[in-house]
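See below for the structure under consideration.
First the proteins, then the strands, lettered A, B, ... as listed; each starts at 1.
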Protein chains: 4
Amino acid sequence: MMFLKFHSLDENKQQRILNAAIKVYVQKGYDLASTNEIVKEAGISKGLLFHYFQNKKTLYLYVFDYCMGLVVTDFYEKVDMQEPDFFERMRHINLVKMELLNRYPDLFRFLESAYLEMSSEIRPEFQERLKKFSESNTDQLFAHLDTSKFKNGLDIQKAIKSVLWTFEGFSAEVLGRAKAMQLDQPDYEAAYKEADAYIEMFKRCFYK
Amino acid sequence: MMFLKFHSLDENKQQRILNAAIKVYVQKGYDLASTNEIVKEAGISKGLLFHYFQNKKTLYLYVFDYCMGLVVTDFYEKVDMQEPDFFERMRHINLVKMELLNRYPDLFRFLESAYLEMSSEIRPEFQERLKKFSESNTDQLFAHLDTSKFKNGLDIQKAIKSVLWTFEGFSAEVLGRAKAMQLDQPDYEAAYKEADAYIEMFKRCFYK
Amino acid sequence: MMFLKFHSLDENKQQRILNAAIKVYVQKGYDLASTNEIVKEAGISKGLLFHYFQNKKTLYLYVFDYCMGLVVTDFYEKVDMQEPDFFERMRHINLVKMELLNRYPDLFRFLESAYLEMSSEIRPEFQERLKKFSESNTDQLFAHLDTSKFKNGLDIQKAIKSVLWTFEGFSAEVLGRAKAMQLDQPDYEAAYKEADAYIEMFKRCFYK
Amino acid sequence: MMFLKFHSLDENKQQRILNAAIKVYVQKGYDLASTNEIVKEAGISKGLLFHYFQNKKTLYLYVFDYCMGLVVTDFYEKVDMQEPDFFERMRHINLVKMELLNRYPDLFRFLESAYLEMSSEIRPEFQERLKKFSESNTDQLFAHLDTSKFKNGLDIQKAIKSVLWTFEGFSAEVLGRAKAMQLDQPDYEAAYKEADAYIEMFKRCFYK
DNA sequence: AATGAATGAGGCTTCATTCAT
DNA sequence: CATGAATGAAGCCTCATTCAT
């Protein structure tokens with residue numbers, strides 16, 4: 001479609017451009033990320049960037065799709081969708097997440113920052129992509145569960161949401177603590193253990 | 001201190017300026033919010049804005065403090081800090097929140113957007129304010145609870161955090177649904193009832 | 001004429017305004033001196049300044065005339081115009097200068113800075129004043145000299161000019177040295193002695 | 001280093017930009033010289049100026065170095081440093097100066113105005129350059145002189161300084177007279193002759 | 001007389017984007 | 001393909017000056 005030109009480019013240079021864009025977007029956010037800085041970081045000329053990408057927005061969205069693609073592919077490959085027990089699956093998802101965070105720290109950082117991106121220039125087009133993704137996400141990720149173990153009369157949708165939101169909050173807390181301690185990355189090992197404690201708690205409380 | 005000039009201004013005009021700033025900041029986020037747009041919206045000259053506020057950052061922080069001040073004052077006035085039962089207190093907090101959301105929809109929207117503000121220009125000074133606030137917030141809001149009703153052996157800190165994160169997530173969901181349905185405001189009545197269902201669930205599961 | 005309003009003002013306040021203006025003009029130079037800073041320093045309102053002085057330029061020129069007036073009056077009062085010997089008169093002038101520098105350090109600093117003022121807004125009107133003054137200055141200051149002691153055939157105008165320029169250069173050197181050593185004021189005592197050495201040299205060389 | 005971009009530019013356009021900057025800086029001084037005026041004069045866009053020069057200050061300093069470079073190179077190439085007689089060397093220096101003034105009238109005007117530049121934004125970085133230059137200047141220019149011809153017991157440092165200050169003053173006088181007569185340039189021929197008369201006077205008085 | 005709110009032009013600088021080479 | 005010179009709108013902010021009170 002639109003990015004044929006870019007894809008037919010020397011793979012090495014493709015990477016340089018993508019990494020440069022990721023780095024700068026993560027550091028500055030969409031608005032303050034200047035194409036100047038990106039091309040300098042990538043070691044290419046100003047003109048070339050706009051030869052491959054119509055404009056700044058297109059580049060951002062492309063980078064987003066690229067990161068999402070990589071991460072999601074890996075993610076779904078690794079998550080065991082056969083596991084019928086919700087908490088076991090949750091535990092597994094946490095594990096895979098940690099692995100991916102370790103493996104693609106930059107991509108994740110970018111996706112994370114993209115998720116918080118406020119720029120009104122990017123938001124509309126962006127929200128769409130996120131919604132489409134997160135729908136399939138939650139639905140697929142937690143389909144075909146064995147709900148029989150939950151306490152009788154419990155609203156299982158609500159219970160699951162609580163757990164998911166708890167882990168969202170917990171992730172933010174972990175990242176926040178790491179930032180507060182000036183660490184480049186959180187201690188994922190420890191985080192995983194703490195996450196497990198939450199799982200055990202929920203299991204004890206939500207299951208019969 | 002510094003804002004005497006502004007405070008001694010015609011109350012009507014103060015409001016016009018604050019509302020204009022809130023509106024533009026919410027719409028665009030800090031970086032993209034242009035002072036040009038703010039003054040146009042407020043119907044004042046460029047110079048006047050900087051007569052009252054040293055610079056864009058100062059204005060933002062002032063608006064934040066203003067909103068926070070109003071909301072927080074009202075909030076703590078209304079929350080019953082004597083209630084020893086965690087879930088009753090939570091329920092009460094939810095109620096008060098809904099009332100405030102109804103009363104100050106714009107201020108809340110601003111505070112919410114401020115909470116997500118990534119701009120590196122604003123973050124440092126901002127984080128400080130947030131930390132100071134959120135410390136007193138969570139600490140005071142949930143001090144002197146009767147923890148004896150929780151299941152034995154439960155990590156009460158974790159339990160409370162789960163509940164808080166759940167309501168954070170739930171709030172976001174409610175706002176998101178409203179936005180998706182193009183409503184100007186969520187149906188707070190309904191939301192309050194749904195929140196209550198979450199509380200009942202947690203009560204049943206976390207209490208003895 | 002124009003400054004009647006100002007002159008009929010409480011003497012104390014007049015001084016406050018003048019001193020404030022002098023201070024700020026010396027610190028910043030004409031262009032960067034902001035009327036804001038001046039009124040703050042003087043403790044008066046913005047409007048009042050422009051009530052008394054049409055505009056910034058008028059104020060500057062008024063301050064200049066004020067300083068020049070004070071200094072010049074004192075200067076001519078003290079210089080002994082009867083002394084017929086050029087070098088004795090020169091020596092005396094140096095002495096009086098030092099006294100005045102000690103007495104009116106701020107006024108002098110202002111006059112000095114005014115002399116170097118480049119601002120194209122001020123220059124034209126200013127140059128005029130300077131020329132008018134320096135003509136009468138040099139002429140009057142060195143009228144009625146006993147020129148018979150100079151070496152025969154010497155161009156006395158040139159000789160005198162050399163001496164004057166030498167002392168101009170020497171003054172600049174003294175000020176420069178003081179600034180380089182971070183002193184607030186030069187050591188006028190020492191400077192006077194060194195100036196005397198120059199006089200002796202010239203006397204020996206230019207006189208018969 | 002930093003100005004490669006500018007140097008690799010069409011020589012013609014380089015000149016247009018430099019001349020425009022020189023012209024405006026001379027006319028207005030640093031602070032009042034507006035980049036707007038410079039680009040209009042140079043016939044380029046606002047953006048381009050900042051494409052080549054980080055900011056206004058950098059441009060000024062570049063222009064200064066450019067002028068200084070040109071003038072100084074030419075100057076030292078032409079001054080005969082072998083001449084052991086102080087006054088002969090002085091005479092030669094005057095001659096070379098006049099030639100340069102004729103050849104680079106604008107550059108000189110700029111350097112002269114730069115020397116008086118008071119702007120606190122420019123001064124610090126600037127003083128450094130001047131000191132470095134003037135040290136080598138006076139020292140080198142008057143090294144290896146035959147001092148045996150001076151009158152016995154004369155403080156030769158003082159004598160030389162007098163002569164230098166005299167010529168500083170004389171230069172200012174010449175420029176001032178030209179400006180007063182609305183000439184674009186002084187009559188250098190006449191000035192050179194008058195300078196010679198000063199030299200003869202000093203020679204007669206300071207030498208044995 | 002005195003205040004200080006209000007103005008708006010103008011200052012420097014950044015930046016996405018285009019285009020001739 | 002690739003470059004980087006060139007553009008000009010837009011951003012934040014300052015400042016002398018005016019004017020209603």
Side-chain angles (χ1 to χ4, degrees), chain A residues 5-6 8-10 13 30-40 43-59 121, chain B residues 4-6 8-10 13 28 31-39 43-59 121, chain C residues 5-6 8-10 13 30-40 43-59 121, chain D residues 4-6 8-10 13 28 31-39 43-59 121:
Chain A
K5 267 194 265 180
F6 182 66
S8 67
L9 184 57
D10 172 22
K13 199 178 256 182
Y30 176 76
D31 291 322
L32 274 71
S34 96
T35 51
N36 256 337
E37 210 168 338
I38 293 174
V39 299
K40 216 193 306 174
I44 61 167
S45 76
K46 203 80 183 285
L48 197 54
L49 189 69
F50 287 91
H51 180 66
Y52 289 123
F53 300 97
Q54 238 173 12
N55 51 35
K56 198 184 170 185
K57 202 202 290 184
T58 304
L59 170 63
E121 208 153 344
Chain B
L4 289 180
K5 262 195 256 177
F6 183 67
S8 67
L9 181 59
D10 173 20
K13 199 178 259 184
K28 305 279 179 95
D31 288 321
L32 273 195
S34 99
T35 52
N36 269 336
E37 208 167 341
I38 292 174
V39 299
I44 60 169
S45 75
K46 202 79 192 284
L48 193 55
L49 188 68
F50 291 95
H51 182 63
Y52 289 121
F53 301 97
Q54 252 173 1
N55 49 37
K56 196 183 168 185
K57 202 201 292 187
T58 304
L59 170 61
E121 207 152 343
Chain C
K5 267 192 266 179
F6 182 67
S8 67
L9 184 58
D10 172 21
K13 200 178 256 184
Y30 177 76
D31 291 322
L32 274 72
S34 96
T35 51
N36 255 336
E37 210 169 338
I38 292 174
V39 299
K40 216 192 306 175
I44 61 167
S45 76
K46 204 81 184 285
L48 197 54
L49 189 70
F50 287 92
H51 181 66
Y52 289 123
F53 301 97
Q54 238 172 10
N55 52 33
K56 198 182 169 186
K57 202 200 291 184
T58 304
L59 170 62
E121 208 153 342
Chain D
L4 290 181
K5 264 196 257 180
F6 183 66
S8 67
L9 181 58
D10 174 20
K13 197 177 259 184
K28 305 282 180 91
D31 288 322
L32 273 196
S34 99
T35 52
N36 268 338
E37 209 168 340
I38 293 175
V39 299
I44 60 169
S45 76
K46 203 78 190 285
L48 193 56
L49 189 69
F50 290 94
H51 182 64
Y52 288 122
F53 301 97
Q54 251 172 3
N55 50 36
K56 196 182 168 186
K57 201 203 291 185
T58 304
L59 170 63
E121 205 152 345

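At a threshold of 4.5 Å between non-hydrogen side-chain atoms, the residues C:Leu49 and C:Thr35 count as touching. Proximity of D:Leu48 to D:Val39: side-chain heavy atoms (C-beta onward) are nowhere separated by under 4.5 Å.
The aromatic rings of A:Phe6 and A:Phe53 sit tilted relative to each other, their planes meeting at an angle between 30° and 60°.
Residue-to-nucleotide proximity on DNA chain F shows that, of A:Ile44 and D:Leu49, the 5′-proximal contact is made by A:Ile44.
One can place CG of B:Leu9 at 15 Å from C1' of E:dT3, the figure rounded to the nearest angstrom. Note: NZ (B:Lys5) to P (E:dA5) measures 6 Å, nearest angstrom.
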Exercise. If a protein heavy atom is under 4.0 Å from the base, mark B; if only from the sugar-phosphate, S; if neither, -; do that for nucleotides 11-21 of chain E going 5' to 3'.
Key: SBBB-BBB---

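Here the OG atom belonging to A:Ser45 is positioned 10.5 Å from the CZ atom belonging to A:Phe50, to the nearest 0.5 angstrom.
At the heavy-atom level, C:Lys13 lies under 4.0 Å from the strands shown only through sugar-phosphate atoms.
Put simply, the side chain of B:Lys56 never gets that close to the backbone of B:Ser34: no donor and acceptor are under 3.5 Å apart.
Scanning all heavy atoms of the two residues, the minimum distance from A:Ile38 to A:Leu59 falls at CD1-CD2, 4.1 Å.
Searching all strands for a Watson-Crick or G-U wobble partner of F:dT21 with both distances below 3.5 Å returns E:dA2.
Checking the phosphate oxygens (OP1, OP2) of F:dG4, no side-chain nitrogen or oxygen of D:Tyr52 falls inside 4.0 Å.
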